[in-house]
Amino acid sequence: MAAGYFTADSASAKPPFCIVIPPPNVTGSLHMGHALEHSLMDALTRRRRMMGDDVLWLPGMDHAGIATQNVVERELAGEGKSRHDLGREAFVERVWRWKAESGGMILNQMRRLGDGVDWSRERFTMDERLSRAVQTIFKRLYEDGLIYRAERIINWCPRCHTALSDIEVEHSDDEGELISIRYGDGDSSVVVATTRAETMLGDTAVAVHPDDERYRHLIGTEVVLPLTGRVVPVVADEHVDPSFGTGAVKVTPAHDPNDFEIGQRHQLPALIIMDERGLITAHGPFQGLDRFEARPAVVAALREQGRIVAEKRPYLHAVGHCSRCDTVVEPRLSMQWFVKVAPLAKAAGDAVRDGRTTIHPAELAKRYFDWVDNMHDWCISRQLWWGHRIPVWYGPNDKVVCVGPDEEPPQGEDWRQDPDVLDTWFSSALWPFSTLGWPERTADLDRFYPNSVLVTGYDILFFWVVRMMMFGLYAMDGVQPFDHVYLHGLIRDASGKKMSKSRNNVIDPLSWLDRYGADATRFTLARGANPGGDMALAEDWAAGSRNFCNKLWNASRFALMNGASTELPVPDRAALTDADRWILDRTDALVSEVDDLFGRYQFGKACEALYHFTWNEFCDWYLELAKVQIAAGEERAGYTRAVLGHVLDVLLRLLHPVIPFVTEVLWTALTGRESVVVADWPKATGVGPDVVAANRIDGLQRLVTELRRFRSDQLLKPGQRVPAQMSGMDGAGLAGLESAVTALARLEPATESFTSGASLEVALPDGTVTVEVDLSGTVDVEAERKRLSKDLAAAQKELAQTEAKLGNPQFADRAPADVVAKIKARRELAASEIARIEARIRALAGT
RNA sequence: GGGCGCAUAGCUCAGCGGAAGAGCACUCGGUUUACACCCGAGCGGUCGCAGGUUCGAGUCCUGCUGCGCCCACCA
């Protein structure tokens, strides 16, 4: 394959088509999800290229903040060092070195998969130009008041030592203990319930609902906390649910988001009792204990004082975990940077609502709306070293200066840059335009924004898609980042379980590439893809696809061996046989169907149609019929070669997006042209099907199948030729097809010494064909009788059903005419079938 | 706790108002010169349960049961 087919041309006059790759982590290697996603993107881009578009499929990678930092820190730990031993600058240097040496394995794996991406435009989120995009949009958002710094309760990972956004927290139902503690004494005491007893060290109030009669008398009073002896007020707050627990809540503003808000409303102090590692800092006996050691210690101390009123164990409740390291997340009061999402999310919702961006499948748009309508502000600062450093400098009085890329950072000893970096998703959100050169107005940006389609899994609809929508619309003055969003499903194992290392059910796509090849792997994945639907993958599927590619290979080889060619003109239809006309019409219908299905992202159905046509129509019937035609003289053979060449040419082009390698080899061999990559996508001729030919081939198929069934029932050897005489072919509309039937049913023309051993009648829609065969007394009467009685029962059932339906006066009144006609035809066929079978049974009885 | 989805052949799924389908698996038979990674013939389903709408319901409505998934600051 010559180079350059996959390089986009920003000066091209062709219509642009652009997909940016969802950037895999630089730490990642190819898993089945990638293989699926890439197969689909490649299919889309290859088809559009064949349709005449100037296609850009842009590859790249994500710097993957926490993930990458973790990998390198682990490496350092192996050397007995921490990142602090190196210092920030040296550590970042080390990460870059790691990337150069071990990062980006996935890029080579993409090459093995055969991705037709434009390598000349490969990007990395930490590229200098993409970093400029990050700084530019940060500055713009800040100046528009959409980025702010505030002290808030955020999700904190005590192991990674960084803030996390909501989506980096995964909830699971964990076992805990709900304990009820008595605060205060006597009439003024109150019982609160908690799962995190240690936080009571930071309590600064008790809250009750204002309308709760039980506690009305306590509102405004004070209560003495056990252990610390601190005195805190009892406040009334609407947020408290009187029906939960005791109806009274301990309030820890520094360590619980709800409590923080209650604290704000009542001007309560926020007492921080834990450090960034999760160790207790409050003075006293618990100081220095880890939060999970402090919890039982606090409970024990309370019990000793007789403060524990009740314990409920186990108590299942949702607990947040760090999505990177699974450590239990700690709500923590700290100063962080936030994006004010409400206005951005509103625009993101509107773009989908008014159809500028279409989500496939449409049902998932509902989830998208749910999400954008309920988004919290986005915490974007991370206490890491690997990532885009926040472009903010603090002056002598901590006066904030925001510096965009156009300005030099302020010099002087009194200025220091914010030490934090941005959430990885911040730069990912810019991907659809930062990769094209934004903020500069490059030719690529003009041409390929908005991107045509985004292909990604529905699991990151919220993580990534929403954010790209928000930032794309914001940065590009209201123009959406993509016209279409195609969401594929998740890959599961054969029993429908999620693939995961811990379950040990992961199928490595690389092993499939080795054993079945890229074509089979890709066809398997494309074949299983329906919009939004998950896919259960099993080894058998890959083997089936491999078999299919092999079938295609053999069929093509056979056609070529027999002189199939695209050089020969396909003759006028008048010169063609019914089989030729039929296969040409079927090919035409296939073109329409497959084109339509691809256009609607119905990859699975498109592959199914291609598979069925190739195997069950082209190979099973047309190739067999073509053998007869090629043996029928030079003229017929020439015409047949032309038809074979044409059908195969179209078929290979249709298959190319999902089976790129094999089709390339076969198509160039067939046509002698340079590459199927730049061949034209087939167009349907629009000529309606030849109904007569279609009916004849359908009749032929029924007749041949019936004869084969007869042979099978009679236990005839498949290779054994049986002398036979046919009559009624014209009446059944099968004029001129005797030789085809003879060949396909392995009959042979009767000789002069022909003696009929058995008579077989086959009812077809237009008449009945009778076949007299000479079995020289080998007919298995019992087998035939058995078969006849089975057929008779089926026909009688059919007759009864159709008559019942037709006998219903309401049916005749209300059903459409074509339905009635169809049912009548079925009734006639069933009736004639019954007559035929009964006659045959009588004949058998006579022998 | 809120939302969404799925229950059709042994398995994975398609069909979404007018004769129950495909692939794989299974059974039987095969040296048929493109292909045993193959060929031919078969077996296999009261379409989760209960109601309802309709001349007609896997297909539309309601309820139930069983599974998924997403979201979630009831301590």
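The sequence lines fix the lettering, A, B, ..., with proteins before strands; numbering per chain opens at 1.
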Quote, to the nearest angstrom, the [atom1] distance that separates [N] from [M].
N      : M      : atom1 : value
G66(B) : A14(B) : C1'   : 23 Å
C67(B) : C60(B) : P     : 24 Å
C11(B) : U53(B) : P     : 34 Å
C13(B) : G17(B) : P     : 23 Å
U8(B)  : A57(B) : C1'   : 14 Å
G44(B) : G3(B)  : C1'   : 39 Å
G10(B) : C43(B) : C1'   : 12 Å
G63(B) : A25(B) : C1'   : 37 Å

Do [X] and [Y] meet the criterion of a side-chain donor-acceptor pair at a distance under 3.5 Å?
X         : Y         : result
Thr456(A) : His488(A) : no
Tyr458(A) : Glu363(A) : no
His266(A) : Asp237(A) : yes
Tyr611(A) : Asn616(A) : no
Asp370(A) : Asn374(A) : no

Nearest-0.5 Å distance that lies between atom OG1 in Thr524(A) and atom CE in Met32(A):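 Going from OG1 on Thr524(A) over to CE on Met32(A), the span is 8.0 Å.
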Applying a 4.0 Å non-hydrogen cut-off, can you work out what Cys549(A) is touching in the nucleic acid: base, sugar-phosphate, or nothing?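 Nothing, no heavy atom under 4.0 Å.
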Using a 4.0 Å heavy-atom cut-off across all strands, classify Glu170(A) as base, sugar-phosphate, or nothing.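 The residue Glu170(A) makes no contact with any strand.
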Annotated protein contacts, base or backbone, on nucleotides 22-33 of chain B with a non-hydrogen cut-off under 4.0 Å, one of B, S, - each: SSS-----S-B-
Taking atom [atom2] of [N] as reference, at what distance in whole Å does atom [atom1] of [X] sit?
X         : N      : atom1 : atom2 : answer
Asn554(A) : C37(B) : CG    : P     : 11 Å
His209(A) : A75(B) : NE2   : P     : 17 Å
Gln602(A) : C13(B) : CD    : P     : 16 Å
Glu261(A) : A72(B) : CD    : C1'   : 14 Å
Arg515(A) : C37(B) : CZ    : C1'   : 14 Å
Asp620(A) : A41(B) : CG    : C1'   : 13 Å

Listed nucleotide nearest any side-chain atom of Tyr458(A), set C35(B), C13(B), C69(B):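 So the nucleotide nearest the side chain must be C69(B).
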Counting side-chain heavy atoms from CB outward, which of A72(B), C13(B), A34(B) is closest to Trp371(A)?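 Taking heavy atoms from C-beta onward, the closest nucleotide is A72(B).
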Look at the side-chain N and O atoms of Lys551(A) and state whether any lies under 4.0 Å from the OP1 or OP2 oxygen of C39(B).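 For C39(B), OP1 or OP2 has a side-chain N or O of Lys551(A) closer than 4.0 Å.
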OP1 or OP2 of G42(B) less than 4.0 angstrom from a side-chain nitrogen or oxygen of Lys790(A), does that happen here?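 No, no such contact exists.
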In terms of the nearest nucleotide of RNA chain B, which residue is placed more toward the 5' end: Lys366(A) or Gln801(A)?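 On the 5' side of the pair lies Lys366(A).
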Between Leu623(A) and Thr705(A), which residue's closest nucleotide on RNA chain B lies nearer the 5′ terminus?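 Looking at the nearest nucleotide for each, Leu623(A) comes out on the 5' side.
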For G52(B), measure the glycosidic angle (O4'-C1'-N9-C4 for a purine, O4'-C1'-N1-C2 for a pyrimidine) and name it syn if it falls within 90° of 0, otherwise anti.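 It is anti.
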Tell me, with the steps shown, if Arg600(A) and Asp596(A) meet salt bridge (charged side-chain N to carboxylate O under 4.0 Å, His left out). CA-CA 6 Å; Arg600(A) 293 188 292 118; Asp596(A) 174 60; 3.1 Å; yes
Indicate the ring-plane relationship of Phe598(A) and Phe603(A), choosing parallel, tilted or perpendicular according to the 30° and 60° boundaries.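 Answer is perpendicular, since the angle exceeds 60°.
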Base A41(B) to side chain Arg709(A), donor-acceptor N/O within 3.5 Å cut-off: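 A donor-acceptor contact between them is absent.
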I'd like to know if Arg546(A) reaches the base of C37(B) with its side chain, counting only an N/O donor and acceptor under 3.5 Å.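 A donor-acceptor contact between them is present.
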Search all heavy atoms of Pro226(A) against all heavy atoms of Met200(A) and return the closest pair with its distance.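 In this case the closest contact between Pro226(A) and Met200(A) is O-CE, 3.4 Å.
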Under a cut-off of 3.5 Å for both distances of each Watson-Crick or G-U pair, what dot-bracket string does RNA chain B give, using [ ] for crossing pairs and | for inter-strand pairs? ((((((((.[[[[.)..(..]]]].(((((.......))))).....[[[[[..)....]]]]])))))))....
For Arg826(A), is there an ion pair with Glu803(A) - N to carboxylate O distance below 4.0 angstrom?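 Looking at Glu803(A) and Arg826(A), the cut-off is not met.
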If you count heavy atoms of other groups shown closer than 6.0 angstrom to CH2 of Trp553(A), is the number above 12?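 No, because the 6.0 Å sphere around CH2 of Trp553(A) holds 12 heavy atoms or fewer from other groups.
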